[in-house]
Chemist: 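Have a look at this one before I ask anything.
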Amino acid sequence: MKKLIIRVVIISLAFCTLFYVTGCSKVELTGTLVVTVYEPTEDHTISVYPWGEGGKSVGQGVIEKGGDRSISFKLNMGNYNVDCDGYYKSVQVRPGEEVTLTFLK
């Protein structure tokens with residue numbers, strides 16, 4: 001009888017562990033950066049660079065004159081520099097959050 005109870009307890013623990021591991025929610029590691037130009041009177045090129053690192057941009061887009069005033073980027077969490085036609089701002093992207101940067105050009 002003791003062996004049967006021990007087996008049932010071990011099998012129950014195995015199932016509980018299996019359900020716990022497979023039932024975990026997915027951890028979000030990305031956030032959204034929204035760059036807005038207040039009143040675009042010309043086309044603006046937006047580039048996003050990792051903070052403290054030179055080199056290639058991780059995101060790039062254009063806000064066109066008379067078009068949509070904002071552009072969004074899905075980025076990994078971290079710090080970034082944003083370039084809007086030679087004007088730079090820094091921003092921190094947090095997981096699962098949306099951050100808005102506005103340029104008054």
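As a basis for the values below, the full set of heavy atoms in this structure was taken, side chains included, without hydrogen atoms, waters or symmetry mates. The first residue in the sequence is number 1, and the count goes up from there.
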Chemist: Might you point out which heavy atoms bring Tyr87 and Phe103 nearest each other, and give the distance in Å?
Modeler: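 Distance-wise, the nearest heavy atoms are O-CE2, 3.5 Å.
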Chemist: Can you name the nearest heavy-atom pair linking Ser47 to Gln60, along with the distance?
Modeler: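 Minimum heavy-atom separation between Ser47 and Gln60: OG-NE2, 3.5 Å.
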Chemist: Could you tell me which non-hydrogen atom of Val93 sits nearest to which non-hydrogen atom of Thr32, and how far apart they are?
Modeler: CG1-N, 4.3 Å
Chemist: Give me the atom names and distance for the closest heavy-atom approach of Tyr80 to Asn76.
Modeler: OH-O, 2.8 Å
Chemist: How close do Arg69 and Ile63 get, heavy atom to heavy atom, and via which atoms?
Modeler: O-CD1, 3.6 Å
Chemist: Indicate yes or no: at least one non-hydrogen side-chain atom of Val35 is less than 4.5 angstrom from one of Cys84.
Modeler: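 No - every pair of side-chain heavy atoms lies 4.5 Å or more apart.
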Chemist: Treat each ILVMFWY residue as a node, draw an edge where side-chain heavy atoms are under 4.5 Å apart, and state whether Val91 and Tyr88 are in one component.
Modeler: no
Chemist: What is the minimum heavy-atom distance between Glu64 and Asp43, and which atoms define it?
Modeler: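 Here Glu64 and Asp43 meet closest at CA-OD1, 3.3 Å.
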Chemist: Would you tabulate the side-chain donor-acceptor contacts of residues 3-16 under 3.5 Å, counting partners in other chains and residues two or more places apart, or write 'none'?
Modeler:
unit_1	atom_1	unit_2	atom_2	d
Ser12	OG	Val8	O	2.8

Chemist: Can a donor-acceptor pair be found, under 3.5 Å and without considering hydrogens, that links the side chain of Asp85 to the backbone of Thr45?
Modeler: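 Side chain of Asp85 to backbone of Thr45, a donor-acceptor pair under 3.5 Å: yes, one is there.
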Chemist: Out of Glu98, Gln92, Glu97, which residue meets the side-chain hydrogen bond (donor to acceptor under 3.5 Å, both in side chains) rule with Arg94?
Modeler: Gln92
Chemist: State, yes or no, whether a side-chain contact exists between Val34 and Ser72 at a heavy-atom distance under 4.5 Å.
Modeler: yes
Chemist: If we ignore angles and hydrogens, is there a donor and acceptor under 3.5 Å between the side chains of Ser90 and Asn81?
Modeler: yes
Chemist: List in chain and number order the residues that pass side-chain hydrogen bond (donor to acceptor under 3.5 Å, both in side chains) with Ser70, two or more places apart in sequence or in another chain; answer none if no residue qualifies.
Modeler: none
Chemist: What distance separates Ile71 CD1 from Leu101 CG, expressed to the nearest 0.5 Å?
Modeler: 13.0 Å
Chemist: Does Lys65 have more than 12 heavy atoms from other residues, nucleotides or ligands lying within 6.0 Å of its NZ?
Modeler: no
